[in-house]
Amino acid sequence: MSGNLDLGFVIIYLFPLVLIALTFNLYSEEKELGTWRILASQTANKSGFLFKKLLIRILFVLVLLITLLVIAILVLEIPLNQNFWALFLQSITYLLFWSALCFWMVTLLKSSSFNALALLSVWVLLTILFPAIVNNYVLNRYQVPEALEAMVEQRDGYHEKWDLEKNATMVGFLEKYPQFKSYPVPEDKFSWIWYYGMQYMGDLAARDTSEEMTDKIMSRNTVSEKIALLIPTMHAQLSFNTLAGSDMISHLEFLNALAVFHEDLRLSLYTKVFDAQSADAVDWTKYEAKFYSAKPHFDWMYLMLPTLIITIVISAFEVLNLRKL
């Protein structure tokens, strides 16, 4: 009833919770149970001991991640191309960020309850509140009333042609497709070339508004990507969308390819329609299902570097805190 869990959702939202549950009392549990003094007296490298405990937990989570990815490869027959390896490395980097964050909280040498509450608060901020705030900002900063305006202009641009002279309607259409100038457009009766000319003029009337809408959507995407550089959860989500081909740029590229496909299809049938030929005149075997292949457009530096830098900065603070042990 609730549907399937997206693997990206599992990685971004659930894996951090697993890491928090495994690491929040890495030091405080030993301290609260009174065993830390014994352990400290038996090892010369206390920070190394904590790091080994952390490493075991990280390895457990990484094995779990790899197991899920292997199952996905086998069940879904995912090709091992650069998109897959980019997703794999992005997932590893994301988990390393959360591991570093959890270990930094441990090195503050606070109580277990404090660590758990602080880490869960950070999880809520990074996975829910910050993305929601950014989303609201982007939606209000770049409002898109052009979506409704483009639809109204397209319909008005088409319907108003019924009340105009047919030659006025055909000017724009024949400028775009001069190969059809030889077809007559009678004023006293219906003709298919005039009908499709009206359709084209409706699209032409909404073209400028549609371009403005596309520009604003791209602005939304650009601003979101820039802010996400500082928020690893958002950066991981946008990176996964890009690698899956479900991001906004891929969507717009698909719409452009779809428009070209429709135009080629129309042009291949216009002459037969305008010549009033029957459907039997069309060789339907030439028309088969077409599939769109998205081109990868991700940047390895953008994909990996922001989260790595944040992880390294957090790790530097960890080293400073470990000196207190």
Side-chain angles (χ1 to χ4, degrees), residues 8-66 68 90-135 227-237 239 304-325:
F9 174 86
V10 173
I11 294 172
I12 293 173
Y13 290 88
L14 302 187
F15 269 83
L17 292 176
V18 175
L19 279 168
I20 291 172
L22 293 175
T23 60
F24 78 97
N25 60 350
L26 206 63
Y27 164 80
S28 57
E29 182 182 34
E30 305 284 357
K31 189 74 172 178
E32 292 162 359
L33 293 176
T35 58
W36 178 250
R37 289 185 179 181
I38 299 175
L39 292 170
S41 64
Q42 294 178 351
T43 178
N45 188 359
K46 293 177 286 186
S47 59
F49 172 77
L50 283 179
F51 183 75
K52 289 177 182 178
K53 291 183 66 176
L54 173 71
L55 187 60
I56 292 173
R57 289 155 173 78
I58 295 175
L59 290 177
F60 168 76
V61 176
L62 291 180
V63 169
L64 185 60
L65 170 66
I66 293 172
L68 289 176
Q90 174 63 30
S91 301
I92 297 293
T93 305
Y94 180 72
L95 294 183
L96 289 178
F97 157 75
W98 275 102
S99 301
L101 184 63
C102 292
F103 195 53
W104 171 74
M105 189 63 65
V106 169
T107 60
L108 294 179
L109 308 182
K110 302 293 185 178
S111 65
S112 297
S113 58
F114 176 87
N115 291 345
L117 182 60
L119 286 171
L120 288 176
S121 298
V122 172
W123 180 85
V124 171
L125 285 174
L126 292 181
T127 59
I128 300 175
L129 292 183
F130 283 170
I133 292 171
V134 173
N135 182 64
I227 297 177
L229 295 175
L230 302 175
I231 306 176
T233 48
M234 280 189 61
H235 180 71
Q237 182 66 70
S239 298
M304 306 297 299
L305 202 56
T307 306
L308 276 177
I309 291 176
I310 295 174
T311 303
I312 292 172
V313 171
I314 295 175
S315 300
F317 284 106
E318 293 170 5
V319 174
L320 295 176
N321 291 337
L322 286 173
R323 295 179 180 179
K324 302 177 184 178
L325 289 175

Ignoring hydrogens and angles, write down the donor-acceptor pairs under 3.5 Å from the side chains of residues 120-130, residues two or more places apart or on other chains.
residue, atom, partner, partner atom, Å
S121, OG, L117, O, 2.7
W123, NE1, Y13, O, 3.0
T127, OG1, W123, O, 2.5

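For the pair Y94/P16, a side-chain contact is recorded, criterion being any heavy-atom separation below 4.5 Å from C-beta on. Side chains of F15 and L68 form a contact here, defined as non-hydrogen atoms less than 4.5 Å apart. Between L101 and F97 there is a side-chain heavy-atom pair separated by less than 4.5 Å. You'll find the side chain of L62 reaches within 4.5 Å of the side chain of I92, heavy atoms only.
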CA sep, side-chain torsions, deciding dist, call: F24, S112, side chain to side chain contact (heavy atoms under 4.5 Å, CB included)
CA-CA 6 Å; F24 78 97; S112 297; 3.9 Å; yes
Can you check side chain to side chain contact (heavy atoms under 4.5 Å, CB included) on T233 and W98, steps first, answer last?
CA-CA 10 Å; T233 48; W98 275 102; 4.2 Å; yes
Should N115 and N25 be marked as a side chain to side chain contact (heavy atoms under 4.5 Å, CB included) after you check the CA-CA gap, both sets of side-chain angles, and the distance that decides it?
CA-CA 7 Å; N115 291 345; N25 60 350; over 6 Å; no
Go through it in stages, so that I can follow the logic: the residues are T107 and L50, the test is side chain to side chain contact (heavy atoms under 4.5 Å, CB included), and I'd like the CA-CA distance, side-chain angles, deciding distance and then a yes or no.
CA-CA 9 Å; T107 60; L50 283 179; 5.9 Å; no
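One distance of note links CD1 of I11 with CD of Q237; it measures 10.0 Å at 0.5 Å rounding. Within the model, atoms CD1 of I310 and OG of S315 stand 11.5 Å from one another, a figure rounded to the nearest 0.5 Å. In this structure, CG in L17 is found 11.0 Å from CG in L22, a value given to the nearest 0.5 Å. For the atom pair Q90 CD and L308 CG, the distance stands at 8.5 Å (nearest 0.5 Å). Between atom CG of residue L19 and atom CG of residue L14 there is a gap of 11.5 Å, rounded to the nearest 0.5 Å.
Within 6.0 Å of the NZ atom in K53, the count of heavy atoms belonging to other residues, nucleotides or ligands exceeds 12.
Closest of all the heavy-atom pairs between E318 and W104 is OE2-N, 3.4 Å.
Checked by atom type and distance alone, the side chain of S111 pairs as donor or acceptor with a backbone atom of F114 at under 3.5 Å. Between the side chain of R57 and the backbone N or O of T23 there is no donor-acceptor pair closer than 3.5 Å.
Under the side-chain contact (heavy atoms from CB on, under 4.5 Å) test applied with H235, the options T93, I227, T307 reduce to a single match, T307. P306 pairs in a side-chain contact (heavy atoms from CB on, under 4.5 Å) with only one of the listed residues (I231, T311, L229, L230), which is L229.
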